[in-house]
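Proteins come first, then strands; the chains are lettered A, B, ... in the order of their sequence lines, and each starts at number 1. Just so you know, these numbers come straight off a predicted model, no measurement behind them. Note: hydrogens, waters and symmetry copies are ignored here, and every other heavy atom, side chains too, is used.
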Amino acid sequence: MLDIQFIRDNAETVQRKSEEKGYKVNIGELLELDTERRSKLTQIEELRARRNALTAEMKGQKPSPEQVEQGKQLKEEIAAREIELTAVEDKFWPLLKKVPNMPLDEVPVGLTEDENVEIRVWGDKPEFGFTPKNHAEIAEAKGWLDKERGAKIAGSRFVYTMGDLVLLEMALWRFAMDVLTSETTLKKIAEAAGLQVSTKPFIPILPPAAAKQAVFEATGRLNRQEQTYKIEDEDLWLNASAEHTIAPIYLDEILSEADLPIRYVGYTTAFRREAGTYGKDTEGIFRLHQFNKLEMESFTTAETSYDEHLFLVAIQEYLTQQLGLPYHVLEKCTADIGRPNAKGVDVEVWLPSQNTYRETHTADYIGDYQTRAMKTRVRRQGGTVELAHTNDATAFSQRPLVGILENYQTAEGDVAVPEVLRPYMGGREVL
RNA sequence: GGAGAGGUCGCAUAGUUGGUCUAGUGCGCUGCACUCGAAAUGCAGUAUACCGGCAACGGUAUCGAGGGUUCGAAUCCCUCCCUCUCCGCCA
């Protein structure tokens, strides 16, 4: 949620930047409602002050008939004004929540993801002496994926993953966990990236995979139409990322500055409806209704959050480099960063079968957009209270498996194991 | 899921014939005094949000959440959430 005070002071900018992100919001109407709301609020508070004064007059004695009559009138007036206020607020709050976070000035303006800007390229694309297969062909030939039975049991975009691919996936989680919980490794990554950030390790966490609606809405990530699954007859929505249940962990809490940054690395199964993607990425495990993901989430002060974002990106690149997967990094344009985000970076891994890079990681710079709604604050050393900042970023999803299968495939249809994963695979070099 | 007991200021607690209770006390924390320093002691302070104000400050709200009764609710009523104990069921 954006600060209404900020919107009052910067109405034109907010209108323009919202449009640059592809959101239709009527800031003029919002501000009219805001004015009306404040005027009603003032009226009500004055009436209540009169009521409080009247009660104080009685000092525990029985009220006179006149006082009772006065009180009754005040009561009725307050009730009437409150109904008017509610009517205004019912329009005001949904409108305010619709206003997207403001992209930083450095974010490239664009209307589609085609206008994302490549900022780095890493690694050599593999050259095969044969026609490379796509990951689904490799995995299905090995008996690692059963899409048909997945569809029989749960429908399209659900699969059974089996055998060595399961072990490889778990190796990925364990490898990333070891990186993220090692202060030594984090220090190395920060230094290589030239960042002056805390090297405090991440805390592993297994969060709930579902959240109440009000909580989910506070994260700004509830997407009813296209993405999020609702549990019938319950006030519960399934998470589409561990971020959705880790970010609100300090809902309604005030953290101590001394405890920051707080970094979590969390694993959950994620659920996405993927409405509107019919026919896209139907092969294999690239786009599923249910997938597994390891997510990084940081809570910081305002002045350290931007570097924290860059740090998370550096970690993403480090992890991908360690796997030996060629990738490039995109600075996402205004249309692609998402409503709660002020800036976003994607890491995309090279897929030989598609002869292109595909998204494996996202890093979101959010600022205080989530914490304002979640009421997650920091008490500074001096005693003042302000909003905390959040950052989230993918550590690994299942998608790097797609990259491994395709980039490490052999002419025989086998898959070599990236060196860093071998310790987690019983030392095996080829699957 | 069933029965019972509870949810009060960072923590622990007081507070049910409704009124001077946003709320007492202890601990913790902050400042000051005392001290060479510390402890102990004494004094003062110690929530958050919104609205108005340049500010000082003022107002309003919040005793799990929401609604109701009343001139007036932490205190009464209803719904929901959570915790604990017992039973049932299960990983």
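Each of Thr301(A), Thr300(A), Ile262(A) was compared with Leu255(A) under the side chain to side chain contact (heavy atoms under 4.5 Å, CB included) criterion, and only Ile262(A) meets it.
Spacing between A5(B) and C76(B) at atom P, rounded to whole Å, works out to 14 Å. Rounded to whole Å, the separation between the P atoms of C84(B) and G72(B) comes to 38 Å. Rounded to the nearest Å, the gap between the C1' atom of C77(B) and that of U22(B) is 23 Å. The gap from the C1' atom of U17(B) to that of G10(B) amounts to 35 Å, rounded to the nearest Å. Atom C1' of G26(B) sits at a distance of 31 Å from the matching atom of C81(B), rounded to the whole Å. Comparing the P positions of A23(B) and A73(B) gives a spacing of 15 Å, expressed to the nearest Å. Straight-line distance between the C1' atoms of C43(B) and C34(B): roughly 11 Å, to the nearest whole Å. Taking atom P on both G4(B) and C80(B), the two are 15 Å apart, rounded to the nearest angstrom.
Put simply, CD on Glu76(A) is 11 Å from P on U70(B), counting in whole angstrom units. Remark: P of A49(B) and CD1 of Ile4(A) are 17 Å apart, rounded to the nearest angstrom. To the nearest angstrom, C1' of U48(B) lies 9 Å from CG of Asp252(A). Lys375(A) places its NZ atom 10 Å from the P atom of A49(B), with the value rounded to the nearest Å. In this entry the distance linking NZ of Lys72(A) with C1' of U69(B) reads 13 Å, nearest Å. Nucleotide U70(B) holds its P atom 14 Å from the CD atom of Glu69(A), rounded to whole Å. Between Gln43(A) atom CD and G52(B) atom C1' there is a gap of 14 Å when expressed in whole angstrom units. Distance CZ (Arg51(A)) to C1' (G19(B)): 13 Å, rounded to an integer number of Å.
With a cut-off of 3.5 Å on both pairing distances, A91(B) has no Watson-Crick or G-U wobble partner at all. A 3.5 Å limit on both hydrogen-bonding distances identifies A49(B) as the Watson-Crick or G-U partner of U60(B). In this structure, A3(B) forms a base pair with U85(B), meeting either the Watson-Crick or the G-U wobble geometry with both donor-acceptor distances under 3.5 Å. Taking a pair to require two hydrogen-bonding distances under 3.5 Å in either a Watson-Crick or a G-U wobble arrangement, C9(B) remains unpaired. Taking a pair to require two hydrogen-bonding distances under 3.5 Å in either a Watson-Crick or a G-U wobble arrangement, G18(B) remains unpaired. For U69(B), there is no paired base (Watson-Crick or G-U wobble, both distances below 3.5 Å). Summarising the base pairing, C36(B) is matched to no nucleotide, lacking a Watson-Crick or G-U wobble pair whose two defining distances lie under 3.5 Å. Base pairing annotation: G31(B) forms a Watson-Crick or G-U wobble pair with C43(B), both donor-acceptor distances under 3.5 Å.
Arg81(A) comes within 4.0 angstrom of nothing in the nucleic acid, heavy atoms only. Backbone-only contact: Ile254(A) has heavy atoms under 4.0 Å from sugar-phosphate atoms and none from a base. In this structure, Arg379(A) reaches the sugar-phosphate backbone alone: every heavy-atom distance under 4.0 Å involves primed, P, OP1 or OP2 atoms, never a base.
Atoms OG1 and CD, from Thr161(A) and Gln398(A) in turn, are 6.0 Å apart once rounded to the nearest 0.5 Å. Summarising the geometry, atom OH belonging to Tyr318(A) is positioned 9.0 Å from atom CG belonging to Leu186(A); distances are rounded to the nearest 0.5 Å.
If you check C81(B), A49(B), G72(B) against the side chain of Lys212(A), the one that comes closest is C81(B). Considering only the side chain of Arg38(A), G52(B) comes nearest among G19(B), G52(B), U60(B). When each of A49(B), C50(B), C71(B) is scored by its nearest atom to the side-chain atoms of Leu54(A), the top-ranked nucleotide is C71(B).
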*Between Glu46(A) and Arg50(A), is a salt bridge (charged side-chain N to carboxylate O under 4.0 Å, His left out) present by the stated rule, with each step listed?*
CA-CA 6 Å; Glu46(A) 274 168 14; Arg50(A) 279 166 60 192; over 6 Å; no

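Outside the 6.0 Å centre-distance limit, the rings of Phe202(A) and Tyr264(A) are not counted as a close aromatic pair.
Applying the 4.0 Å criterion to OP1 and OP2 of U60(B), one finds that Asn52(A) has a side-chain N or O inside that range. For Lys75(A) and U70(B), the shortest distance from a side-chain N or O to OP1 or OP2 is below 4.0 Å. The phosphate of C51(B) has OP1 or OP2 within less than 4.0 Å of a side-chain N or O from Arg8(A).
Between Arg50(A) and Gln70(A), the one whose closest nucleotide on RNA chain B sits nearer the 5' end is Arg50(A). Sequence order on RNA chain B of the closest nucleotides to Arg377(A) and Glu45(A) puts Arg377(A) first from the 5' end.
Under a cut-off of 6.0 angstrom, the local environment of CD in Glu253(A) is crowded, with over 12 non-hydrogen atoms contributed by other residues, nucleotides or ligands.
Here the side chain of Asn116(A) pairs a donor or acceptor atom with the backbone of Glu113(A) at under 3.5 angstrom.
Of all heavy-atom pairs spanning Ala395(A) and Leu180(A), the tightest one is CB-CD1, 4.0 Å.
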